[in-house]
Undergrad: 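Have a look at the structure that comes next, please.
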2 protein chains.
Amino acid sequence: MTQTTRRPTRQRRAVAEALATSPEFHSAQQLHAHLQREGTKIGLATVYRALQAMSDDGDVDVVRTDDGESLYRSCSTGHHHHLVCRGCGRAVEIEGPAVERWATRVSDEHGFVDVEHTVEIFGTCQDCAD
Amino acid sequence: MTQTTRRPTRQRRAVAEALATSPEFHSAQQLHAHLQREGTKIGLATVYRALQAMSDDGDVDVVRTDDGESLYRSCSTGHHHHLVCRGCGRAVEIEGPAVERWATRVSDEHGFVDVEHTVEIFGTCQDCAD
DNA sequence: CACTACTTCGATAATGGTTGTCAATCCAGC
DNA sequence: GCTGGATTGACAACCATTATCGAAGTAGTG
Ligand SMILES: [Zn+2]
Ligand SMILES: [Zn+2]
Ligand SMILES: [Zn+2]
Ligand SMILES: [Zn+2]
């Protein structure tokens with residue numbers, strides 16, 4: 001929110017690259033383990049901080065699993081939602097203008113302001129269905 | 001899921017009643033504190049277990065806040081979603097046939113099976129907007 | 001190159017909602 | 001009353017996330 005100076009450090013770059021190389025959702029802990037394995041020296045707290053910052057800037061998508069874990073994925077620009085596979089974590093970005101209109105209409109009807117919405121679809125993809 | 005024998009005990013009834021008397025969402029801990037205050041002797045774990053069971057049976061709605069807390073509310077029958085006020089917790093049950101159709105269509109298009117979706121709208125209600 | 005005023009890092013401790021443990025207790029049904 | 005499974009509750013364990021805080025990096029200035 002507050003436009004603080006944000007320095008592009010080695011660690012932040014590493015997190016961004018790790019996300020960019022994979023189209024799936026990953027948890028902060030997965031990313032940390034992966035980076036450590038690749039030889040990148042980075043602390044867990046720093047991974048969380050980097051992801052938090054990227055999320056604030058709108059550079060990553062975040063979804064929350066049923067057991068309360070946050071998953072991060074490099075983000076395309078613009079507002080959209082996800083169809084996520086419970087098995088492999090593969091995600092399909094989806095858009096639904098109708099849903100957007102519906103959300104704003106419902107909110108207006110009930111006099112709600114400053115409205116946000118979450119729409120996530122979880123399922124099992126073809127590959128994981130075997 | 002597995003149709004285990006489920007006994008209607010004093011504690012379970014207390015939780016169900018506490019939920020039934022209020023149309024808003026409450027956390028497990030809030031419910032526990034409330035019951036204790038009312039003189040009902042019940043353990044926190046039991047409250048969680050009761051809510052879990054009711055959730056499995058589809059008798060309560062569950063939403064997760066941004067900070068990972070689960071909120072429970074007595075449920076109307078049938079599939080629906082919520083428009084929740086961030087300030088007072090008041091919830092409006094909403095239905096959106098169009099959204100349901102859209103969700104299944106998108107899932108089918110991408111070959112996903114065993115699909116669930118979450119649609120929640122958060123905002124500020126008129127009373128809390130002042 | 002010093003000196004300074006930041007930001008950032010990372011090991012570790014703390015947080016906090018939730019779940020597991022397990023002996024004590026309840027409750028049908030015999 | 002007996003018995004076996006269901007249920008309870010005090011407490012510990014879990015675990016993702018966050019806070020702490022001293023150390024280390026990084027401009028910018030002269
Ligand atoms: Zn899959
Ligand atoms: Zn949307
Ligand atoms: Zn309100
Ligand atoms: Zn729906």
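This structure is a prediction, so every number in the text was calculated from the model and none was measured. Chain identifiers are assigned alphabetically (A, B, ...) following the order of the sequence lines, protein sequences preceding nucleic acid strands; residue numbering begins at 1 within each chain.
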Undergrad: Measuring to OP1 and OP2 of dT7(D), would you say a side-chain N or O of R10(B) lies under 4.0 angstrom away?
TA: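 Checking R10(B) against dT7(D): no side-chain N or O falls below 4.0 Å of OP1 or OP2.
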Undergrad: List the atom pairs, donor and acceptor, that lie under 3.5 Å between side-chain atoms in residues 37-49 of chain A and the rest of the protein, sequence neighbours left out.
TA:
residue, atom, partner, partner atom, Å
T46(A), OG1, R49(A), NH2, 3.4
Y48(A), OH, Q29(A), NE2, 3.2

Undergrad: Return yes if some donor-acceptor pair links the side-chain N/O of R64(B) with the main-chain N/O of L71(B) below 3.5 Å, else return no.
TA: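 No; zero donor-acceptor contacts below 3.5 Å.
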Undergrad: CZ of R13(A) versus P of dC9(C): gap in Å, rounded?
TA: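 Going from CZ in R13(A) over to P in dC9(C) covers 11 Å.
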Undergrad: Roughly, in whole Å, what's the span from CG in L51(B) to P in dT19(C)?
TA: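 That distance rounds to 10 Å.
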Undergrad: Look at all strands and tell whether T46(A) reaches a base, only sugar-phosphate, or nothing, counting heavy atoms closer than 4.0 Å.
TA: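 If one applies the 4.0 Å heavy-atom cut-off, T46(A) turns out to touch a base.
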Undergrad: Without decimals, in angstroms, what is the distance between K41(A) NZ and dA24(D) C1'?
TA: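 Interatomic distance, NZ of K41(A) to C1' of dA24(D): 11 Å.
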Undergrad: Nearest whole angstrom, please: distance from the P of dG9(D) to the CZ of R12(B).
TA: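 Distance, rounded to whole Å: 11 Å.
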Undergrad: Please list, chain by chain and in numerical order, all residues satisfying side chain to side chain donor-acceptor pair (under 3.5 Å) with H117(A), sequence neighbours excluded.
TA: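 H79(A), H81(A), E100(A).
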Undergrad: Can you find a donor-acceptor pair, distance only, under 3.5 Å between R7(A) side chain and dT7(C) base?
TA: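 Counting by modelled atom types and ignoring angles, a donor-acceptor contact under 3.5 Å is found here.
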Undergrad: Does R73(B) use its side chain to pair, donor to acceptor, with the backbone of R90(B) at less than 3.5 Å?
TA: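 No; judged by distance alone, with no hydrogens or angles, the pair does not exist.
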Undergrad: Without decimals, in angstroms, what is the distance between L35(A) CG and dG10(C) C1'?
TA: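 To the nearest whole Å, that distance equals 14 Å.
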Undergrad: Could you write out each protein N or O paired with an N or O of nucleotides 14-23 of chain D at a distance under 3.5 Å?
TA:
residue, atom, partner, partner atom, Å
dT17(D), OP1, S70(A), N, 2.8
dT17(D), OP1, S70(A), OG, 3.3
dT17(D), OP2, Y48(A), OH, 2.5

Undergrad: Are F112(B) and L83(A) close enough that some pair of their side-chain heavy atoms sits under 4.5 Å apart?
TA: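 Result yes, sub-4.5 Å side-chain heavy-atom pair found.
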Undergrad: Closer than 3.5 angstrom, by distance alone: can the side chain of E109(B) be matched with the main-chain N or O of V106(B) as a donor-acceptor pair?
TA: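 Flag not set: sc E109(B) to bb V106(B) has no pair under 3.5 Å.
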